[in-house]
Protein chains: 2
Amino acid sequence: MSDLPIKPLRIDAAANYIDAIYRLTEGRDEAATTNALAEELGITSAGVSIMIKRLAAQGLVDLTPYEGVKLTAEGLRRALRIIRRHRILEIFLVNILGFGWHETHPRARALERVIDDAFEDRMDEILGHPTRCPHGNPIPTRDGQLLPLTDVALTSVEPGTSGTISRVTTDDADELKYLSSLGLALDLPVRLVEIAPFDGPVAADLNGRTVHLGPRLADSIRINVHENARGAARREAAG
Amino acid sequence: MSDLPIKPLRIDAAANYIDAIYRLTEGRDEAATTNALAEELGITSAGVSIMIKRLAAQGLVDLTPYEGVKLTAEGLRRALRIIRRHRILEIFLVNILGFGWHETHPRARALERVIDDAFEDRMDEILGHPTRCPHGNPIPTRDGQLLPLTDVALTSVEPGTSGTISRVTTDDADELKYLSSLGLALDLPVRLVEIAPFDGPVAADLNGRTVHLGPRLADSIRINVHENARGAARREAAG
DNA sequence: CCGCTGATTTAAGTCAACTTAAAATTTCCT
DNA sequence: AGGAAATTTTAAGTTGACTTAAATCAGCGG
């Protein structure tokens, strides 16, 4: 009649921070600032300040006071374990449970900190070892390897450039829902038509139909440029 | 980039208590004592004493000081919601994820307090609206109905009585593992051969083979007695 | 290079859910 | 019924993860 006491009733808060720091520093090489973390985690900067000191003491982050934090090798290892779990869960929620790609994020977030390795492995196997999440983000391997991304922002290429939708970088449910209502999905062919000036709308040819997106939303769309594309990417992929 | 803040970093402790109280009072009509709860939850009786007062203030339990607690109607409703979630999760873990029946309990326990109604409904649907968990316990309906059990303890029938294994009431992984290693599974035909005196071993014919079990373990096996059984049940089903 | 602004850190307090130790209550035994 | 033993409750302290308010620091504009 006895089970595991489920002793720690509080969820490992460190994982929350590690995870947030990873998201904030992903790609760009800068440190995550206290304020940015506070915003991301929805708590005050004072709280963050205290907590990151504890993380630093545990060797999970490198802390430069009044500067910000970066993950240490160990911190990064942990972050990638969580990211892997998160993304596999997202695929699981979509492929097995039948949720839409806009319904996965908070659920995966809640689940990722209670499942164990065996659970992760079963999902991975059932799903056929997926390599990316429903939004196109690559899934780190168990030992923390992450495929380098070759995609670029839709808004970073010359008008006329065509490619394939590789990734969507927003987590926002409403935005994702709207995008799929436009018929947008991974691996669809897309061609940038025009970017209106002064933060104007972005026109793109999506699988034959022309859609118009606000600049912020367009920015979250990543594409792999076709080999024979007419225009060239203006800059490298970001975040 | 923002998600739900996952604000309450602490898991709803009340659910833990409700759940434990249900398990302790299931079947028998007595109140759950402070000590029993403390044992079940792995905390001190002092802590339980404080907490159940809070639960009482919330109208979830009826508290008689120095006596114990019983669930109120509302408390029972909540307990049954958790139990339902738990048992559906167990089926899910076995049927979809491929875990053994001894590997489900702690995992379902961890998961049951982070999934939402939609998740529960998807599982229920995918599983074809199962009516019992892998250990044979009935699954409450969404509105808290629970099928009355008609099974009795294997150790409560006259030697010679035959029936079908309906349920196993232990949660212990090792015990469950051992039972399945003996070839025991739900719905198998079984016949009580003999109960040795002085808390002696219990001999049973299990699907043709005779197995010998310690009295405690045998006690956790429930059977539905065959209509044409030679012996009659000695007492009603318990716990 | 002085001072102001905004970001960051420290200090001190809160809250839930515990803990240990002591006090109160019930139960059991003769 | 009387008193020891067991159980339960109260009191007071601890812990983790916050909070608000005050103090400190970086960085730049003039």
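Letters go in sequence order (proteins before strands), and every chain restarts at 1. Quick caveat, the model's predicted, so the values are computed rather than measured.
- In the set C/dA7, D/dT7, C/dC18, the nucleotide with an atom closest to the side chain of A/N35 is C/dA7.
- Between A/I52 atom CD1 and C/dA7 atom C1' the separation is 12 Å, expressed in whole Å.
- Atom CG in B/L63 sits roughly 18 Å away from atom P in D/dT7 (whole-Å rounding).
- Going from atom CE of B/M51 over to atom C1' of C/dA16 covers 8 Å, rounded to whole Å.
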Next on the checklist: Is there a salt bridge (Lys or Arg N to Asp or Glu O under 4.0 Å) between B/D116 and B/R122? Walk through the geometry before answering.
Outcome noted: CA-CA 10 Å; B/D116 59 2; B/R122 299 292 167 111; over 6 Å; no
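- Salt-bridge check for B/R113 with B/D19: passed, with a basic side-chain N closer than 4.0 Å to an acidic carboxylate O.
- Atom NE2 of B/H86 and atom NE2 of B/H105 lie 4.5 Å apart (nearest 0.5 Å).
- Residues B/P134 and B/W101 approach most closely at O-CE3, 3.4 Å, considering heavy atoms.
- The separation between A/R54 atom CZ and C/dT10 atom C1' is 14 Å, rounded to whole Å.
- Contact check, A/T44 against D/dT19: a side-chain N or O comes under 4.0 Å of OP1 or OP2.
- As rounded to whole Å, 10 Å separates atom P of C/dT9 from atom CG of A/L37.
- Atom CG in A/N16 sits roughly 17 Å away from atom P in D/dG16 (whole-Å rounding).
- Side-chain atoms of B/Y66 lie closest to D/dT8 of the nucleotides C/dA17, C/dT8, D/dT8.
- What separates CD of A/E30 from C1' of C/dA7 is a distance of 16 Å, to the nearest Å.
- For A/D12 and D/dC18, the CG to C1' distance is 16 Å, given to the nearest whole Å.
- Across all non-hydrogen atoms, the minimal contact from A/L41 to A/N16 is CD2-O, 3.7 Å.
- Here the nucleotide nearest the side chain of A/I50, chosen from D/dT19, C/dA21, C/dT8, is D/dT19.
- Judged by closest nucleotide on DNA chain D, B/P65 is the one of A/Y17 and B/P65 placed further toward the 5' end.
- Listed pair B/K53 / D/dT10 meets the phosphate criterion, a side-chain N or O lying under 4.0 Å from OP1 or OP2.
- Among the heavy atoms of the strands lying under 4.0 Å from B/T34 are primed sugar atoms or P, OP1, OP2 only; no base atom is included.
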